[in-house]
Amino acid sequence: MTISSVTRVKGLVEGCVGKKVKFKVKKGKSRSPVREGVIADTYPSIFTVHIENNGFRRVVSFNYIDILTNYVEFYICDEEERQIV
């Protein structure tokens with residue numbers, strides 16, 4: 001993993017601010033649900049996603065490295081669901 005890889009992923013995420021995404025966090029052998037949210041903000045080391053569930057709004061944050069290490073999979077919800085990698 002190089003700094004240029006992290007910079008590339010950060011650029012891809014920055015281009016998706018305000019867009020609806022689906023994501024799945026991999027937590028070992030148990031199945032993780034696919035959730036939907038909107039990428040809200042990007043920061044030097046993390047980015048935030050707003051999730052609305054049953055009328056409650058949550059904010060979750062992820063590292064860019066989470067995407068590179070496949071700890072979390074993000075898909076942009078547009079014409080064809082494309083993965084951020």
Check: Say you draw a straight line from CD1 of I65 to NZ of K10; how long is it, rounded to the nearest 0.5 Å?
Finding: 12.0 Å

Check: For the side-chain contact (heavy atoms from CB on, under 4.5 Å) test, which of V21, I67, V49 pairs with V13?
Finding: I67

Item checked: K24 NZ to Y75 OH distance, which is reported to the nearest 0.5 Å -> 7.5 Å

Checklist line | Shared hydrophobic cluster, F47 / V17 (ILVMFWY, side-chain heavy atoms < 4.5 Å) | finding: yes

Checklist line | Qualifying side chain to side chain donor-acceptor pair (under 3.5 Å) pairs, either residue in residues 52-67, two or more places apart | finding: H50-R57

Item checked: Point-to-point distance, once rounded to the nearest 0.5 Å, from CD1 of I76 to CG of L12 -> 7.5 Å

Checklist line | S32 side chain vs V25 backbone, donor-acceptor pair below 3.5 Å | finding: yes

Item checked: Test side chain to side chain contact (heavy atoms under 4.5 Å, CB included) applied to K26 and N70, step by step -> CA-CA 8 Å; K26 298 180 182 179; N70 287 325; 4.3 Å; yes

Next item on the list: Return the minimal non-hydrogen interatomic distance between I51 and E36, and the atom names on each side.
Entry: CG2-O, 3.7 Å

Check: Are V60 and V38 connected in a single hydrophobic cluster, I mean Ile/Leu/Val/Met/Phe/Trp/Tyr linked by side-chain heavy atoms less than 4.5 Å apart?
Finding: no

Check: Do V72 and I39 share a hydrophobic cluster, counting only Ile, Leu, Val, Met, Phe, Trp and Tyr and linking them when any side-chain heavy atoms are less than 4.5 Å apart?
Finding: yes

Check: Are the ring centres of Y71 and F62 closer than 6.0 Å?
Finding: no

